[in-house]
Amino acid sequence: MIIEKLLDANDLTESEKQISQYILDKNNDLSLMTSIELGKNSYTSQSSVIRFYKKLGYHSYREFISRLIIERNEYFKVDDIALEQPTQYFSSYEETQSIISKMYALALIKTNILLNKNTVIRVCNRISSASSIDIYAVGIANVIAKQMAFKLQSLGLSCMFHDGLNMNYIKKLDQRNVSIIIALSGKNPMIQTIAKTLSEQKNYVVSLMGRKEKNVMELCKDNITFFTQEKDDVDVLVDLFSGEYIVNLIYAILKVKMENQ
């Protein structure tokens, strides 16, 4: 989550961009670096570093740097996965196997970078205490949604899958209901309509989504983003893998949580 914000420099001041550039340089070891040293090495100041990590939502430098180091390690792994246009290299079984493995590894690393631990835990807590859970998806995202519905049902949770809107049903939902919207991009008009309708009911709505679509995200109480390809090589293989990874993560957290109750 930190790395993602650093890569999107539009909201950064000049001092923050300097800090960001220093952090994103693989050759710079941050593990033992103090806030004073980070300010000095990035040609800014300790006060600039403090303002920077507080802007990113962290209360202390140690909390910020600990999370940052984890994300940097994941981010730099991507450099070791040279992946161009994969379909150009599917000339043999061995090459196909190698490329698919690299695609999966890349999707996993980039999805982990996008994840916010607090958001995932909060979503899991709401799901575990929900009176009912409704999962909405259309098109190819149905594959992920149906898997999630099955996994939550296997935990004994009251869960249903929907590929459209039933207004009579939605109007009867109580405040403990959790509605989950799953989409690869969020650009589908039906998904946007579903998000808008659910948000108007004032129940808890969360999105599990690939490419960011503000129209949907702004309507949800929480958003969990997973990595998707910018190009549709090998159909949506990577997109589905990323989404399924999020579902498995949530399932595993809930399973442990419920076993310990």
Side-chain angles (χ1 to χ4, degrees), residues 1 4-5 7-8 10-11 107 110-111 113-116 118-120 122-124 126-127 130-152 157-251:
M1 202 67 174
E4 183 190 15
K5 292 176 181 177
L7 293 172
D8 182 10
N10 292 331
D11 295 329
K110 289 200 171 185
T111 296
I113 291 171
L114 293 170
L115 290 180
N116 182 302
N118 292 333
T119 301
V120 175
R122 183 165 57 247
V123 169
C124 288
R126 293 298 296 261
I127 290 175
S131 57
S132 59
I133 305 152
D134 294 292
I135 304 175
Y136 296 84
V138 296
I140 192 67
N142 285 357
V143 174
I144 305 171
K146 288 177 180 178
Q147 286 188 34
M148 187 173 199
F150 173 79
K151 289 178 182 294
L152 295 185
L157 297 170
S158 175
C159 181
M160 291 179 60
F161 162 74
H162 309 266
D163 59 3
L165 283 170
N166 182 333
M167 287 306 301
N168 290 329
Y169 174 79
I170 290 174
K171 288 178 180 178
K172 295 177 183 178
L173 297 176
D174 62 37
Q175 294 299 306
R176 290 179 57 221
N177 170 266
V178 171
S179 294
I180 303 171
I181 296 172
I182 300 181
L184 300 187
S185 70
K187 293 181 180 179
N188 186 294
M190 175 56 74
I191 282 294
Q192 295 185 12
T193 299
I194 289 171
K196 185 174 186 299
T197 303
L198 291 171
S199 69
E200 290 171 349
Q201 301 304 308
K202 301 191 184 321
N203 59 321
Y204 181 76
V205 185
V206 57
S207 77
L208 273 60
M209 202 159 61
R211 302 181 188 92
K212 293 183 178 179
E213 179 59 44
K214 289 185 178 180
N215 290 339
V216 174
M217 296 181 75
E218 289 175 353
L219 293 168
C220 299
K221 297 289 178 63
D222 277 311
N223 298 281
I224 298 176
T225 306
F226 54 87
F227 171 72
T228 52
Q229 291 277 83
E230 292 184 4
K231 297 183 179 180
D232 293 328
D233 284 292
V234 200
D235 296 319
V236 288
L237 182 65
V238 173
D239 302 11
L240 292 175
F241 174 76
S242 300
E244 289 164 357
Y245 168 66
I246 297 294
V247 168
N248 287 328
L249 177 64
I250 291 173
Y251 168 75

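- A distance of 9.0 Å separates CG in Asn116 from CD1 in Ile224, rounded to the nearest 0.5 Å.
- No side-chain heavy atom of Val206 sits less than 4.5 Å from a side-chain heavy atom of Ile127.
- Checking Asn203 against Lys221 by side-chain atom types alone, no donor-acceptor pair falls below 3.5 Å.
- Counting only heavy atoms from C-beta outward, the side chains of Leu173 and Asp134 approach each other to under 4.5 Å.
- With hydrogens and angles disregarded, a donor-acceptor distance shorter than 3.5 Å links the side chain of Asn177 to the backbone of Ser132.
- Closest heavy-atom contact between Phe227 and Ala107: CD2-CA, 3.6 Å.
- Between the Glu244 side chain and the Ile144 main chain, no donor and acceptor come within less than 3.5 Å of each other.
- Every pair tested for ring-ring contact (aromatic ring centres under 6.0 Å, His included) that includes a residue from residues 170-204 fails, sequence neighbours excluded, so the list is empty.
- Considering CE of Met160 and CD1 of Ile133, their distance stands at 12.0 Å, rounded to 0.5 Å.
- Contact annotation: the side chain of Glu200 approaches that of Lys196 to within less than 4.5 Å [non-hydrogen atoms, C-beta and beyond].
- Contact between Leu115 and Thr225 at its shortest, heavy atoms only, is CD2-O, 4.1 Å.
- Closest approach of Gln201 to Met167, counting heavy atoms only: NE2-CE, 4.4 Å.
- Summarising the geometry of Ser242 relative to Phe226, their closest heavy-atom pair is CB-CD1, 3.6 Å, with the distance given to 0.1 Å.
- Among all heavy-atom pairs drawn from Met148 and Ile182, the shortest one is SD-CD1, 4.0 Å.
- Separation of atoms CE (Met217) and CG (Asp222) is listed at 10.0 Å; rounding is to 0.5 Å.
- Looking only at side-chain heavy atoms (C-beta outward), Phe241 and Thr111 stay at 4.5 Å or farther from each other.
- Rounding to the nearest 0.5 Å gives a distance of 12.5 Å between CG of Asp163 and CD1 of Ile135.
- Taken to the nearest 0.5 Å, the CG atom of Asn188 stands 12.5 Å off from the CD1 atom of Ile140.
- Note that the CE atom of Met209 and the CG atom of Asp239 stand 13.0 Å from one another [nearest 0.5 Å].
- Counting heavy atoms from C-beta outward, Ile181 and Leu219 have side chains that stay 4.5 Å or more apart.
- Counting heavy atoms from C-beta outward, Asn166 and Ile170 have side chains that stay 4.5 Å or more apart.
- Between Tyr169 and His162, the ring planes lie tilted relative to each other; the angle falls in the 30° to 60° range.
- Between Lys172 and Asn168 the shortest heavy-atom distance is CG-O, 3.3 Å.
- For the residue pair Ser207 / Asn223, a side-chain donor-acceptor distance below 3.5 Å is found, with atom types taken as modelled.
- The only option from Val205, Ile180, Leu198, Leu208 that meets the side-chain contact (heavy atoms from CB on, under 4.5 Å) definition with Cys220 turns out to be Val205.
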